[in-house]
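Heavy atoms only: backbone and side chains are in, while hydrogens, waters and symmetry mates are out.
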Amino acid sequence: MIVPVPYPQDFALGLLHDMLRIRRLEERAAELYGEGKIRGFLHLYIGEEAVAVGALHALAADDAVVATYREHGHALLQGVPMNAIMAEMYGRQAGCSHGRGGSMHLFDARTRFFGGNAIVAGGLPLAVGLALAERMLGGNRLTACFFGEGALAEGAAAESLNLAALWQLPVLFCCENNLYAMGTALARSQAQTDLCAKVQAFGVPARSVDGMDVVAVHEATRAAVEQVHAGHCPCFLEFRTYRFRAHSMFDPELYRDKAEVEEWKKRGPIHSYSAQLKAQGLLDEPGFLALEAEAAAEVEAAVAFAEAASLEPVETLMNDVYTPERSP
């Protein structure tokens, strides 16, 4: 049974368009990586688009976002221009981190996107710090922190959850549980596989959500945001999702069966959601193709921008490496 989409047409189509923007960006990045134009590490978000789209559309424009190394979609939806994202992946000076961070370290203080973090669980303490600063400054903005289920095996996660609960900080912990962390199944690495039970031990309200359903993600995040604001406390959401591509472009992907991947693809968020919209009369195939073409055109414009952007001058390579000496 296809569940009706409970949104006006413009908003409903906007969710689909943003999932397509992320998908086309990631697919093009994979091609460019194969051509040697994007180097270093590259972690693709293909298959998980419903999480970023559903969740970020439930946040306020000035809320802070902290993410992982699989963060291109989060940065894009937080307002970082696609041109700046692509230029950063190219290592160009016009990138959002001036070409110094690459794919894993997108950052833009203007849009309150505070990384892009290559360290597993490295973003959780940062999110707690941002929320503490907001509390001390008397503000009402929350910090949303995205991370994978592997992060919950790290000590930094336990410390962060504990402090957020102890100090009742406005943090929304968003766990993107894609089942395999880097390449190890959840049951092979963590004794307690009920992630909500693990988090609730710290006194943090927790809920598990179908991360392949953009509507379910959006509604759960809206409710969690309201709870954070009403209770002046942290909340935890586990989004059960699945990445269709390997952990990174270097991953031989020997830890899961191809049949399992294909089974999950049948629940792909773009395919499932567009079918809902068509069944409801909010979308037809020409409309879908138009949205797809618009997303593809944005990506190609970003590629052209990155291709034309300049590398950092050699003379400035040591800038920001050391703190300048201060005169006595």
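- In this structure, D63 has no salt bridge (charged side-chain N to carboxylate O under 4.0 Å, His left out) partners at least two apart in sequence or on a different chain.
- When hydrophobic clusters are built by joining Ile, Leu, Val, Met, Phe, Trp and Tyr residues whose side-chain heavy atoms come closer than 4.5 Å, directly or via intermediates, M82 is grouped together with V53.
- For R39, the side-chain hydrogen bond (donor to acceptor under 3.5 Å, both in side chains) criterion is met by no residue, not counting sequence neighbours.
- When every heavy atom of A164 is checked against every heavy atom of V171, the shortest pair comes out as CB-CG2, 4.5 Å.
- Of the candidates K265, E260, R267, Y242 forms a side-chain hydrogen bond (donor to acceptor under 3.5 Å, both in side chains) with just one, namely E260.
- Under the side-chain hydrogen bond (donor to acceptor under 3.5 Å, both in side chains) criterion, S208 pairs with E238, R240, not counting sequence neighbours.
- Partner of Y45 under the side-chain contact (heavy atoms from CB on, under 4.5 Å) criterion, chosen from H74, R23, R245: H74.
- In this structure a side-chain-to-backbone donor-acceptor pair under 3.5 Å is missing from E26 to L44.
- A distance-only check finds no donor-acceptor pair linking the side chain of H43 to the backbone of R70 [under 3.5 Å].
- The side chain to side chain contact (heavy atoms under 4.5 Å, CB included) search around A230 returns none, not counting sequence neighbours.
- Looking at residues two or more places apart in sequence or on another chain, you find a side-chain hydrogen bond (donor to acceptor under 3.5 Å, both in side chains) between R100 and E312.
- With R92 contributing its side chain and A309 its backbone, the two residues share a donor-acceptor pair below 3.5 Å.
- The salt bridge (Lys or Arg N to Asp or Glu O under 4.0 Å) analysis of residues 284-296, with sequence neighbours excluded, yields the pairs R24-E292, K278-E285.
- The side chain to side chain contact (heavy atoms under 4.5 Å, CB included) search around E253 returns A246, D251, Y255, R256, V261, not counting sequence neighbours.
- For the salt bridge (Lys or Arg N to Asp or Glu O under 4.0 Å) condition, no pair includes a residue of residues 154-170, sequence neighbours left out.
- Around atom CZ of R112, more than 12 heavy atoms belonging to other residues, nucleotides or ligands sit under 6.0 Å away.
- The side chain to side chain contact (heavy atoms under 4.5 Å, CB included) test applied to A185 returns Y180, R188, not counting sequence neighbours.
- Not counting sequence neighbours, K258 has no partner by the salt bridge (charged side-chain N to carboxylate O under 4.0 Å, His left out) test.
- Sorted by first and then second residue, the salt bridge (Lys or Arg N to Asp or Glu O under 4.0 Å) pairs involving residues 167-177 (not counting sequence neighbours) form an empty list.
- Judged as a ring pair (Phe, Tyr, Trp, His ring centres under 6.0 Å), and not counting sequence neighbours, the contacts of F41 are F250.
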